[in-house]
Protein chains: 2
Amino acid sequence: MRSGHGLRTTRQREIIMDELRKSRSHPTADEMYEMVRRRLPRISLGTVYRNLEVLSDCGMIRKLEIGGTQKRFDGIAGAHYHLLCTRCGRIEDLPLDAMPEISKALGRKKIRDFEIREHRVAFLGLCPKCRDGKRRLTAVSRGATKGGM
Amino acid sequence: MRSGHGLRTTRQREIIMDELRKSRSHPTADEMYEMVRRRLPRISLGTVYRNLEVLSDCGMIRKLEIGGTQKRFDGIAGAHYHLLCTRCGRIEDLPLDAMPEISKALGRKKIRDFEIREHRVAFLGLCPKCRDGKRRLTAVSRGATKGGM
DNA sequence: TTTGGTGCAAAGGCTTTGCAGAAAG
DNA sequence: CTTTCTGCAAAGCCTTTGCACCAAA
């Protein structure tokens, strides 16, 4: 693990990072708990929450507040945008270079005297499956369309 | 109030809409409760929550999940972007036409086979006050920098 | 009169925390 | 040995809900 954060390398932390990096689905804390528990049956939910918090505080993962009640986590390396299905709640990543003209246009340093450090973009719509009417309702979808930013 | 929604015009609803429209600060549900209570002392917090929910469901207001634990509400008419101070939690609106080249670039109909209905943009940084070191910590700031999308 | 809304209080869901013991450095 | 982390369980915070009464249409 990275040094200079005062963070120790624990088995719990390593596995949480590893599972999050492997995941393509931006899991919630309790989804993380289930994933990690398969490899570390005695881990507690509190430990999962604490680690997700610490890791996002030091920038090693990202905490998302897009679409829904629960927070989601993203094991990303660099900046990217999100693509969210408002019906099933699925979230996909969009690398910045998928749309260079946009990240360029948005990369301004100052707006209304605010010093801009970061910008975020999300696209909302229907994924192919949901568009074709194959409604795939999961736990994820509760409130999926209800949030904004 | 608008017809066709099955919504009745109640004094509570009217005042909630009115206070939210007047507000420039994207209040939380309990901030709304305090505001409305000055005009309608017997209103209950539950009623405020129920109305904010219903009104955002039918598109008359917008529910925000930017920056922090609590949801915030926006009495806006049309689409716009947000400008968030990561230090004090202040949120400002940015009309789309403040940056036409951006909304144009982002207005694509299809990405990765998703049918795009909407896009959202937020800029994060420091507002003038916070940049100048006049740290203005409010209840709002708890977790202000911790969320993403 | 009918149906949706309100106030109140209790219940719920997700997240955070206090504590004592375990583990990393 | 010291400091951080963990598991467990309790507490916390924000939000939702059941119910009986009230009010809009």
Side-chain angles (χ1 to χ4, degrees), chain A residues 1-17 26-34 36-37 39-58 60-61 63-73 89 139-144 146-147, chain B residues 1-17 26-34 36-37 39-58 60-61 63-73 89 139-144 146-147:
Chain A
M1 200 136 305
R2 213 151 83 189
S3 56
H5 288 298
L7 290 192
R8 289 181 179 175
T9 304
T10 64
R11 186 135 183 68
Q12 290 85 341
R13 196 114 78 202
E14 287 179 314
I15 293 183
I16 287 170
M17 276 302 289
H26 305 80
T28 60
D30 59 286
E31 286 166 353
M32 284 297 304
Y33 176 55
E34 290 308 324
V36 171
R37 211 141 72 111
R39 291 169 63 183
L40 217 56
R42 297 193 45 73
I43 197 172
S44 73
L45 182 57
T47 296
V48 171
Y49 271 102
R50 267 182 298 231
N51 277 301
L52 291 171
E53 182 67 27
V54 167
L55 291 169
S56 72
D57 278 352
C58 75
M60 301 182 70
I61 67 175
K63 190 194 289 183
L64 307 180
E65 287 177 355
I66 195 176
T69 311
Q70 295 174 73
K71 296 191 177 71
R72 293 179 170 276
F73 296 87
V140 166
S141 63
R142 179 175 172 280
K146 296 192 175 174
Chain B
M1 199 136 302
R2 214 151 80 189
S3 56
H5 287 300
L7 291 191
R8 289 180 180 176
T9 304
T10 64
R11 186 136 183 69
Q12 289 85 341
R13 196 115 76 203
E14 286 179 314
I15 293 182
I16 288 170
M17 275 302 290
H26 304 80
T28 60
D30 59 285
E31 285 165 355
M32 283 298 305
Y33 177 54
E34 290 308 325
V36 170
R37 210 139 74 112
R39 291 169 63 183
L40 217 55
R42 297 193 44 74
I43 196 171
S44 73
L45 182 57
T47 295
V48 172
Y49 271 102
R50 267 183 297 232
N51 276 301
L52 291 172
E53 183 66 28
V54 167
L55 291 169
S56 72
D57 279 352
C58 75
M60 301 182 72
I61 66 174
K63 189 193 288 182
L64 307 180
E65 288 178 354
I66 196 176
T69 309
Q70 296 174 72
K71 296 190 177 71
R72 291 179 171 278
F73 297 86
V140 166
S141 63
R142 180 175 171 277
K146 295 191 174 175

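Just so you know, these numbers come straight off a predicted model, no measurement behind them. A, B, ... follow the sequence lines: proteins, then strands. Residue 1 opens every chain. Scope of the values below: all heavy atoms of this structure, side chains included, with no hydrogens, waters or symmetry mates.
- With rounding to the nearest 0.5 Å, the separation of CG in B:L52 from CE in B:M60 is 12.5 Å.
- Between B:T9 and D:dA25 there is a side-chain N or O to OP1 or OP2 distance below 4.0 Å.
- In this structure, the nucleotide among C:dT15, D:dG7, D:dC5 sitting nearest to the side chain of A:R8 is D:dC5.
- In this structure, CD of B:Q70 is placed 13 Å from P of C:dT16, rounded to the nearest angstrom.
- Distances shorter than 4.0 Å separate some side-chain N or O of A:R13 from OP1 or OP2 on D:dC5.
- For the pair A:Y49 and B:L40, both in contact range of DNA chain C, the more 5′-proximal nearest nucleotide belongs to B:L40.
- Between A:A29 and A:V48, the closest heavy-atom pair is O-CG1, 3.7 Å.
- Atom CD of A:E65 is separated from atom C1' of D:dC14 by 14 Å (rounded to the nearest Å).
- As a whole-Å value, the separation of B:E53 CD from C:dT6 P is 14 Å.
- For A:S44, no side-chain nitrogen or oxygen approaches OP1 or OP2 of D:dA9 to under 4.0 Å.
- At the heavy-atom level, A:D30 lies nowhere under 4.0 Å from the strands shown.
- OP1 or OP2 of D:dG7 sits under 4.0 Å from a side-chain N or O of A:Q12.
- Contact check, A:T10 against D:dT6: a side-chain N or O comes under 4.0 Å of OP1 or OP2.
- Of the charged side-chain nitrogens involved, at least one lies within less than 4.0 Å of a carboxylate oxygen, so that A:E34 and A:R37 count as a salt-bridged pair.
- In this structure, NZ of A:K71 is placed 17 Å from P of C:dG13, rounded to the nearest angstrom.
- For CZ of A:R11, the number of neighbouring non-hydrogen atoms (other residues, nucleotides, ligands) closer than 6.0 Å is 12 at most.
- The CD-C1' distance, from B:E14 to D:dA24, rounds to 11 Å in whole Å.
- One end of the helix from C:dT1-D:dA25 to C:dG25-D:dC1 points its axis 40° away from the other end's axis, with each axis taken from 5 pairs and the angle rounded to 10°.
- Rounded to whole Å, the distance from CZ on A:R11 to C1' on D:dG7 is 17 Å.
- When each of B:R50 and B:F73 is assigned the nucleotide of DNA chain D with its nearest heavy atom, B:F73 is the one assigned upstream, toward the 5' end.
- For the pair A:R37 CZ and D:dC8 P, the computed distance is 10 Å after rounding to whole Å.
- Under 4.0 angstrom from either OP1 or OP2 of C:dC8 there lies at least one side-chain N or O belonging to B:R42.
- Of the candidates A:H26, A:E31, A:K63, A:F73 forms a side-chain contact (heavy atoms from CB on, under 4.5 Å) with just one, namely A:K63.
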